[in-house]
Each structure stands twice: as structure tokens, then as C-alpha cells.
S.K.: 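Please read through the structure below; I'll follow up with questions.
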Amino acid sequence: MDAFELFRKLGAGAKFDLKRFGQDAVRFKVQLKHVADDCLFAVLCLTEAGDGKLKDTGGNCISWTSSLEGKIQNLPSEGKEKNSLKRLKHLHQEKVNRIRSQHRINVHGCDVPDPVCTFEELQSEYHLNPRVLQNLRDAGLNSPTPIQMQAIPLMMHSRELLACAPTGSGKTLAFCLPLLTHLQQPANRGFRAVVISPTRELASQTYRELLRLSEGVGFRVHIIDKASLAAKKYGPQSNKKYDILVSTPNRLIFLLKQDPPALNLSSVEWLVVDESDKLFEDGKTGFREQLATVFLACSGSKVRRAFFSATCTPDVEQWCRLNLDNLVSVNIGHRNTAVDTVEQELLFVGTENGKLVAMRDIIKKGFLPPMLVFVQSIERARELFHELVYEGINVDVIHADRTQQQRDNVVNSFRAGKIWVLICTALLARGIDFKGVNLVLNYDFPTSAVEYIHRIGRTGRAGHQGKAITFFTENDKPLLRSIANVIKQAGCPVPDYMIGIKKIHSKVKRRLEKKPPKRSTICTTPRFLMKKKGKAQGRKQTARDEQQGAKKTKEQGLKKKNKTKKDEGTEKHKVTSQKMGSNSSGAELKK
DNA sequence: AAAAAAT
């Protein structure tokens, strides 16, 4: 590295506080005169600008490069100079602290590498492929977001981490770039990186992001879209020419459980758990056990794990502290808060019927599409769709009981702007990045503050402005207080009485998450005109209704759940927490 | 409650 390069690195656009450090800098200039040209130059760059600010030479901050560190170690060390260098280093640390606090980056852990302030630094410091850098530029991504500034260097140093950053703040890129850089070259050893997502829609979004970033680099990025096909592709007979795999957990498990296993994860070096708190959800129907199976399958000794989410439970943090190696946790801003780029409003609608009236009102008054409408169950999504499909607006519905084809079509049409109003379940609550959603409507009250944060996070992304309206009725009172608090914390006005509502027991909160209040059917047809049960009801039956109705009855048989599992579930929970306490060796989330 | 594998 020549002197100019060092100058660039050290001085690059530093908003160096000369008032504060000017004296120091001048002193260094004198003291370091004979130490080394490079260092002298570095210090000069801090003093040269007379106007109190350093000139912006393209970057945004000083980077204490590893190469500089090495250089300084090798310098002839006589007391005076060494001292000066110590001061210089201290100066640098102050700078780093300032950058962190400026971007609200909070880190906990040992030996945390400095944040990077430009993508170019990733090339000089961590050998990011120039083509990837070009792909970033082509995508209009010019500088890293706070989570990227800190999480990328951490992963590049192979550090296991738990990262919490707001919705729409660039978490996906924060783990994708290190994966691409870390793997260096395509290799034929089998998958070396795995990303787990809670929904297929999110998995496919991450997959497409990886494809876009790695274009022209030659990495083989895969997604399991059809498990049956995947079995052939990744099985023992395959050529192992693949690098990164993105999937939902159950599809992986399906392949792992084949005999012989249709997938081998023993070469995995990076396991990224996106929406980690979701994937840690416990219980018979939770993801946790699936995640545990995947962890166990990544049996290589080199495997590193990274957890990302906008929200984090104490449970996840506890687990990470106990099981990850030399954990670093990164938080951007305060944990579990909503973004402040969304204008949030709570709207009292009286009763269930009041919701439909209010919804029609919003539509009638004219709204700026696209809009996302969240309801609490698949059944209610269908009902609301039936009510709105004749309003003369482009409305569609998505939930897990629709076919993969339908789901893909809906997402694509919504992205293309062909759907104005998309009714959805929690399926779309997390991670999905629709550009320019103008309004999120919580038709049904969210089942928790966390759920609320994720839902409204579908708008107001990447610094854009968004709006969220949340309907509530008398029935929603138990959770009103905690949601109102989230809104208040994000800087939006809420009536005082809501904050004053008595706190509910956390046990009740948990129960509400599992069993939201029962709501009356969404239907404007008078009851006495309706048939008793089954089939789509009411006057407005169309071919589309029939299709959905038929599908529903067919699936009802499959979906019947027996109720004897409850005890079994709590038993499992006990085993799990015991295990987590005693087992520090590995990743086991289950026995 | 929702999500998550196929066939």
C-alpha cells in the first residue's frame, strides 16, 4: 500500500472533529515526522484542511486497516514514536465510536471489527469481488446501511452473531454480501452456505437477491422449489456443483430424511437464520424443532451461524449466548421497535361490522395503491376477499392454503402493480420487500406487538415514507396498550388513555398470540339468507368462489387436528430448556 | 392463528 492509498483510507471523507482533536493531530504531525512516510502522511491528512473539515475524498470515514496495523507493529519502536502511535490508535477508536453512535450501532462482544463506511472498503479490506461491487452499483446501492456497516465485517471475520435491525433496513444484503465474499471461489464440495427463511415467499426473495448480486461471478445459488426434484439434484449421485442454498426448513428436512439422505450439509460453513425469532418459535407447531434438525445436519466443524431479525426475544438471545462461539450481538437502534418512517394510526371501528364499513370508506375516499390488508386467519382472508371482489378494485388474496402457483402469481402481480389491494395472512408479515406499499391496513388487530412491528414494516422501507392504519374494536382491548406503546415510541401520537390501560399478564399475552379473539364472519349478507355451513355463502356466488369453496372442503379433511398433543408439547419444552442449559457444546435445539 | 413437504 503506497502513501496515497493510506491517505485515502485514513482520511477518506472523515468528518473529523478538528476542534476536538486538532491539537492532537498537530502534535502527531510533529512527533511522527521521522517514524514513517505513511504515518506522517496519515496524520497530515488530518491537519491539512484548514476549514475545520477534512475534504471528502470519496468515502465516509477513517478505516483502521489491518495492513496499517501491521505496518505500525513493524516500525522501529522507540518510546516516543510508539506512544504517538498509541495516541493515533486511540484517536481512531474515538472515531469508530462516533461512527457507531451516529448510526445507532450497538455492539456487544469481544474484538469487534470496525464498521465499514463504503462498499469500496469491502473490496480493499475483505476482497469483495469487483463484479459484485459493480452489481451493487447497478442495483443503485451506493453506501451500506448501519446493519451492513457492522454485520458484514463481523461475518467476514467469521464471527457468529445475533443481529437485530429494523424492518427494511437492509438485513438481507448484510448477510448476502459476506456469503458471496466468504466463499471466494465456486467449489464442488456441496453447499457451503445455507439460508433458512420462514416462508417460501421470503426464501425466493432472498434467492433472487443472491442471484442478482452474484451475477457474472459463477456461484451456484439454489432454492428448493420442488422437494421431489431437489432430491435428484442434490442427492449422493449429484456432482456437488453448488455453493449456496436458500430454503424453508421443512423442505430441507424432507430431503435430509430420505434414505439415503438426498442432501448433505456437512460442508456448510455458514448457516444464516433469517427472521430468527420466528424460526425459534416453540411448541408442536412451531419451527424450532425443524431448525434443530437443520442445525444437526450442518455437521462440519467449521460451521458458523448468524441470526438476523427485526425483533428478538430473550429466549433467542439466551440461546445464542449459550451456544454460539464468542458471540457478538449487534443492535441497530432500540430492539423491538417499529420504524419511524411509517405514519401509524389506530382507528376505533366499534364492532366487526364496523371494519367493513371503515374499509369501504377508505376505498371510496380514494387511496394510493398498492395496499396490504392483514387479517388473522385464512378463513377471514377468504371472507374479506369475497366481500371486496365486487367493489370494482383490483383485489386479490394470499395465504398458505392457496397453491404455490397461485401464491407466485399473486406476488408477481402485486409487484407489477396489477393488484391494488392484497389481502393476506401472517404469510406476508415478515421480510417481504414490496417496493412502494403505500398503506398497510391491519383489518384484524395483530396478535402481538412483534407481529405488529413486522406487519407495518412492509411499508416505510429503506427510508421511504409509509402509512399504517390499525382497526380495533372493544375485543382488542387486551393488546391495545402494548401496540399503542410501540406506536408512541416510534413518535406517532396515541391517546393517553391507551397507555394508561392496565397491563395484562404476560401469560394472557402468550395465550392471545396463540388464540386471538374469535370474530364474527365477514359478511354483509343477512344471516337468514345464508345457508348453514360449507360452500361459499350468500348472493354473490361466482366461478371463482366455487373454485375456492371446493378447495376448502377438500382440504378440511386433511386439516383436522386432534387435541391430545398439548401435554406432549409442554413436556418437549421442558426437555428443550433443560438441554439448552446444560449443553454448551453444540447447536442442539432439541434432544 | 399462521407457517411449513409431498403425493
S.K.: Taking only residues two or more places apart in sequence or in another chain, which ones pass side chain to side chain contact (heavy atoms under 4.5 Å, CB included) with Ser247(A)?
M.R.: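 For Ser247(A), the residues satisfying side chain to side chain contact (heavy atoms under 4.5 Å, CB included) (neighbours in sequence not counted) are Ile224(A), Arg251(A), Leu252(A).
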S.K.: Tell me whether the OP1 or OP2 atom of dA3(B) has a side-chain N or O from Arg200(A) closer than 4.0 Å.
M.R.: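 No, because none of the side-chain N or O atoms of Arg200(A) sits under 4.0 Å from OP1 or OP2 of dA3(B).
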S.K.: If we ignore hydrogens and angles and just use 3.5 Å, is the side chain of Arg335(A) paired with the main-chain N or O of Cys164(A) as donor and acceptor?
M.R.: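 Not confirmed, Arg335(A) side chain does not pair with Cys164(A) backbone.
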S.K.: In whole Å, what is the span from the CD atom of Gln404(A) to the P atom of dA4(B)?
M.R.: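 Taking CD of Gln404(A) and P of dA4(B), I get 8 Å after rounding.
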S.K.: Going from CG on Asn188(A) to CG on Asp243(A), what distance comes out if it is rounded to the nearest 0.5 angstrom?
M.R.: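 Going from CG on Asn188(A) over to CG on Asp243(A), the span is 8.0 Å.
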S.K.: Ignoring backbone atoms, establish whether Thr425(A) has a side-chain N or O less than 4.0 Å from OP1 or OP2 of dA3(B).
M.R.: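 Yes, within the criterion.
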S.K.: So among Phe219(A), Trp270(A), Tyr234(A), which one has a ring pair (Phe, Tyr, Trp, His ring centres under 6.0 Å) with Phe191(A)?
M.R.: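 Per the ring pair (Phe, Tyr, Trp, His ring centres under 6.0 Å) rule, the option paired with Phe191(A) is Tyr234(A), out of Phe219(A), Trp270(A), Tyr234(A).
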S.K.: Please give, in whole Å, the distance from dA4(B) P to Ile398(A) CD1?
M.R.: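 Answer to the nearest Å: 10 Å.
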S.K.: Could you state the atom-to-atom distance from CG of Leu255(A) to C1' of dA5(B) in whole Å?
M.R.: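 Distance check: Leu255(A) CG to dA5(B) C1' gives 9 Å.
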S.K.: Report the residue (Ile253(A) or Thr447(A)) whose heavy-atom-nearest nucleotide on DNA chain B is the more 5′ of the two.
M.R.: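 First, find each residue's nearest nucleotide; the 5'-ward one identifies Thr447(A).
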S.K.: In whole angstrom, give the distance that lies between atom CG of Asn250(A) and atom C1' of dA3(B).
M.R.: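 These atoms are roughly 9 Å apart.
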S.K.: Mind calculating the distance between CG (Asp225(A)) and C1' (dA6(B)) to the nearest angstrom?
M.R.: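 Nearest whole value for this atom pair: 14 Å.
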S.K.: Check the distance between dA4(B)'s P and Ile224(A)'s CD1 and give it to me in whole angstrom.
M.R.: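 Going from CD1 in Ile224(A) over to P in dA4(B) covers 14 Å.
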S.K.: For the side chain of Lys515(A), counting heavy atoms from C-beta on, which of dA3(B), dA5(B), dA1(B) is nearest?
M.R.: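 For the Lys515(A) side chain, the nearest candidate turns out to be dA1(B).
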S.K.: Tell me what Arg407(A) touches on the nucleic acid: a base, only sugar-phosphate, or nothing, going by heavy atoms under 4.0 Å.
M.R.: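 Here Arg407(A) touches the backbone only, sparing every base.
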S.K.: Just the rounded figure in Å: distance from C1' of dA6(B) to NZ of Lys226(A).
M.R.: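 Between C1' of dA6(B) and NZ of Lys226(A): 9 Å.
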S.K.: With sequence neighbours left out, write down each residue that passes salt bridge (Lys or Arg N to Asp or Glu O under 4.0 Å) with Arg511(A), or none if nothing qualifies.
M.R.: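 Partners of Arg511(A) under the salt bridge (Lys or Arg N to Asp or Glu O under 4.0 Å) test: none.
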S.K.: Just N and O in the side chain of Thr248(A): are any of them under 4.0 Å from OP1 or OP2 of dA3(B)?
M.R.: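 No, outside the criterion.
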S.K.: Would you mind reading off the distance between Lys278(A) atom NZ and dA4(B) atom P, rounded to a whole angstrom?
M.R.: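 Computing the Lys278(A):NZ to dA4(B):P distance gives 10 Å.
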